[in-house]
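I have placed the structure first, in the form of structure tokens, so that the comments after it can refer back to it.
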Amino acid sequence: MARLILGLLVALALAFSPGRGRLGCDTACSEPAENPSEQKPSKERQQARPEFKAAGVCARCHVVSVLEWGVSKHVAADTNCQKCHGPSKGHVANERNEVKPDRLPRGPLIARTCIGCHDDGCPKTLQTNTCQKCHHVHALVNPNERVAGDDERLALLLARWGRFRKHLESGDREVQLAQWKAAQGEFENALKQIPGNHQASTRLAMCKRRLNPVIPGCKIIGKEFDAQIGLPKEVMVAGHDIAMVLVPPGQFDLGADHLVDARPVHTVDVEAFYLGKFEMTQAQWKALMSTNPSIHQGKEFPQAGRMPVEHVSWNDCQAMIQRLNERVPGGGFRLPTEAEWEYACRAASDSPLDHRALEQFAWFRGNSLRQPAGKATSQNPDTWAPRPVGTKKPNRWGLYDMQGNVSEWCSSFYRPYLYDAKDGRESLDKAGLRVLRGGHFADSAESLDPALRHPERPHRRYRWNGLRLARSVSGP
Amino acid sequence: MRDRCSRREFLWQSSSLALAAGLGTAAPAVAERAEPVREFRRRGMLHRRLGHTDLYLSVLGFGSHTDPKFKRAAKNHSVLTEEGQKRRDRQLARAFDLGVNLVDTYESDGQWEPVARLVRPKREKVLVSICRQFPVFVGEHIDQAAKLFGHVDLYRICVGDGSATTEEILEDWDVIRKAKRAGKVRSIGISTHSERMMASALAELEGLDYIMFPYNFIHARADYSEFLPAAIQKGVGLIAIKPLAAGSIVKLDPKARPGSKPENERVMLYQKQDRPLLPKVVAELTKSLNRLPDETLCQAAMRFVYSRPFMTCAMPGMFQDHELEDNYSALTRHLELQRAEIQALDAARQLACMSGASWLPPSYRWLDEQWRA
């Protein structure tokens, strides 16, 4: 029992240890030292726990189970995870844990699994159907028997873990009361107990941001702050009236199976960033660049200033962004990557494109007929026109016109999926096709699919291509 | 001796085996993937891959033009009389039986419904080609076609015969590219008669799958010398329109027109000119044609196109039943042209060149100047 608790604690402590990613548990193979400086290098730690090596890929997630299995005689007998749970290839491949292992015996089925090898039953009791009564399923030890010698170490670990939890909980309470200074102290104390703990360090960073809520070059709008990262949910670029909304960090499924070049659907991590609440307007562009390249302007469009700027190329966007970065302290403005764009457009929703709902959120060919209706019998792109930004409903994160109105340039090169921001597709130097997203006022509803990628040459200008600004979030 | 190996041994042995098996099979597998099938025969009909797409077109396509004799209304209106429509439906059904899998509908106002009705039961086998029509906006036009046909296999815009792509063409192109990405269209292309426009389209139009352009033995002599190599290198599909030079090749061979008298045809052609033609040229053609006892000049002309491996498909307009059979039977021979056929084609070319634009039908005489340029 003591060994089991010890293993459990070790696993929990390591699960919150520094640099731990979702698949980074394979270093979690030794007990943490009292003093962090005494910790052994990870290779030695792995050697000290050979069961992690033997368990292979299972050890990446099932740390506790592997630790339990590690104390059993099954290790020496080469009875590994697959022996009882089957090859479970689907479970291994599915990172989101949507596929179960091939075999997951519970209750009386556990004994049947044991009989597969121990066909004579228990050597002591000769029982064949109550194995789990005296044997832990993984560790095989009798949970009712105590093992001498581990009590002292266990007590120390328990005390340390308890102190960490106490500080973390106190910190959380202070956060609830908006006592950021006190909360900061609690999280710092928690980190002293388990240095580098991801949970505590994230909360500490959040407290620091709340204590000093300054975004260079921006005014904070409203009083809403993101609970996880402590940044203001909405800001305004000072002197340029460009409203930006915080897009929280997260994971999402990029792509769509029904679109040829959006396959395969794969999971992508996105850091927090600010994204324009609206598409960049003609007035904003003109204020920066002194010219207005848009087709839809003049007497026919009295609200042109509030309409999205269009007829701009990717190269034009880069020139404008360069100028904006020179003028606004802190800079950091850019086009969103295509992964960021799709993440923001989906706004944590997995629901497929709903054409009826689209009417409420987007301007597209179905509802953007030019007003007043022309008498011309022929149709051309002039038959439809963009509308002032923000005249439809926003998405769940408060972003307007993500679909429709004008297509939005992204920074990314058009390359096949899988998306990897580090493979050179976000380079600004090379020549090649750049991606447009979102569809436009003359597009059909199908072309407004959040996953639809539209590559275009960076120098091309069309009456329906515009942009939306993005800005990276700087560290605490 | 142990009857079980350890997990480590098992992994080592199995990975070695897998590596050995992989090395043996990987190279051919990669080679197959790198070079997809470009052409194959199926029940006598030759099929070729359209550029880089996954579409395989029969080398004989069914052109869109309808018989003017049966047109119900004004010019360019393809609504046919009941009798005319029945004839066309019968021809189309026969074409499908022969293995033709491409049907074009240039004139959307009258032929979409009949074609959709015929194609619907065999939609997976038959490819529908559609051309952008004014005055409807291209996006709207695609939506209408996709609604009727389920999807469009080949969609093209007629870019005119200018010298370069215009802003309007680029905007239309942007819309049809997006329609392709949204799955409404499977391949996108252009049609033009101008080589300069073709060269411009190759350079300017992103994702161009195919070009439809006039290609026949008379106008392929030295033309397209710049455009064709570039198109072939880019892997763009090439579809021949007017493979029989707007029907004028039929006029040169009496055998291709049952019931006509050979001498009358030639004399008529001869007499239409203000300037006298050399009777020697007519005699040369007659002599050459006589060397082709079991073949018409049209068949030789079609085989001229079929035999070019870079040409995906030839799409003549066919009004008569025997025209379809004639164009199909050209495929049943060995594709490479024989000496007698080459001589006949040369003689016909010479005659066409000497007779100026008048060898073409009145509505297509402008082409002569275009092609000669």
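Letters A, B, ... are given to chains in the order of the sequence lines, protein chains preceding strands, and every chain is numbered from 1.
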- Message: One pair to check against side-chain contact (heavy atoms from CB on, under 4.5 Å): B:Arg177 and A:His454. What are the steps and the verdict?
- Response: CA-CA 8 Å; B:Arg177 279 175 63 216; A:His454 188 57; 3.9 Å; yes

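- The CD atom of B:Glu167 lies 9.0 Å from the CZ atom of A:Arg460; values are rounded to the nearest 0.5 Å.
- The side-chain heavy atoms of B:Val175 and A:Trp464, taken from C-beta on, include a pair separated by under 4.5 Å.
- The neighbour count for A:Arg415 CZ, taken as heavy atoms of other residues, nucleotides or ligands under 6.0 Å away, is above 12.
- Here the side chain of A:Arg463 pairs no donor or acceptor atom with the backbone of B:Glu171 at under 3.5 angstrom.
- Around atom CZ of B:Arg38, more than 12 heavy atoms belonging to other residues, nucleotides or ligands sit under 6.0 Å away.
- Neither the backbone nor the side chain of A:Leu436 comes within less than 4.5 Å of any heavy atom in chain B.
- Heavy atoms of B:Leu170 lying under 4.5 Å from chain A belong to its backbone as well as its side chain.
- Heavy-atom neighbours of chain A within the stretch residues 202-210 of chain B, taken at a separation under 4.5 angstrom, comprise B:Ala203, B:Glu204, B:Leu205, B:Glu206.
- Residues B:Lys178 and A:Gly439 approach most closely at NZ-CA, 3.8 Å, considering heavy atoms.
- Counted within 6.0 Å of NZ on A:Lys89, heavy atoms from surrounding residues, nucleotides or ligands total 12 or fewer; the atom is thus considered open.
- At a 4.5 Å heavy-atom cutoff, B:Lys180 makes no contact with chain A through either its backbone or its side chain.
- The line from OG of A:Ser447 to CD1 of B:Ile142 is 9.0 Å long, rounded to the nearest 0.5 Å.
- Using a 4.5 Å cut-off between heavy atoms, A:Ala442 touches chain B through backbone and side chain atoms alike.
- Counting heavy atoms from C-beta on, the side chains of B:Asp143 and A:Arg365 come closer than 4.5 Å.
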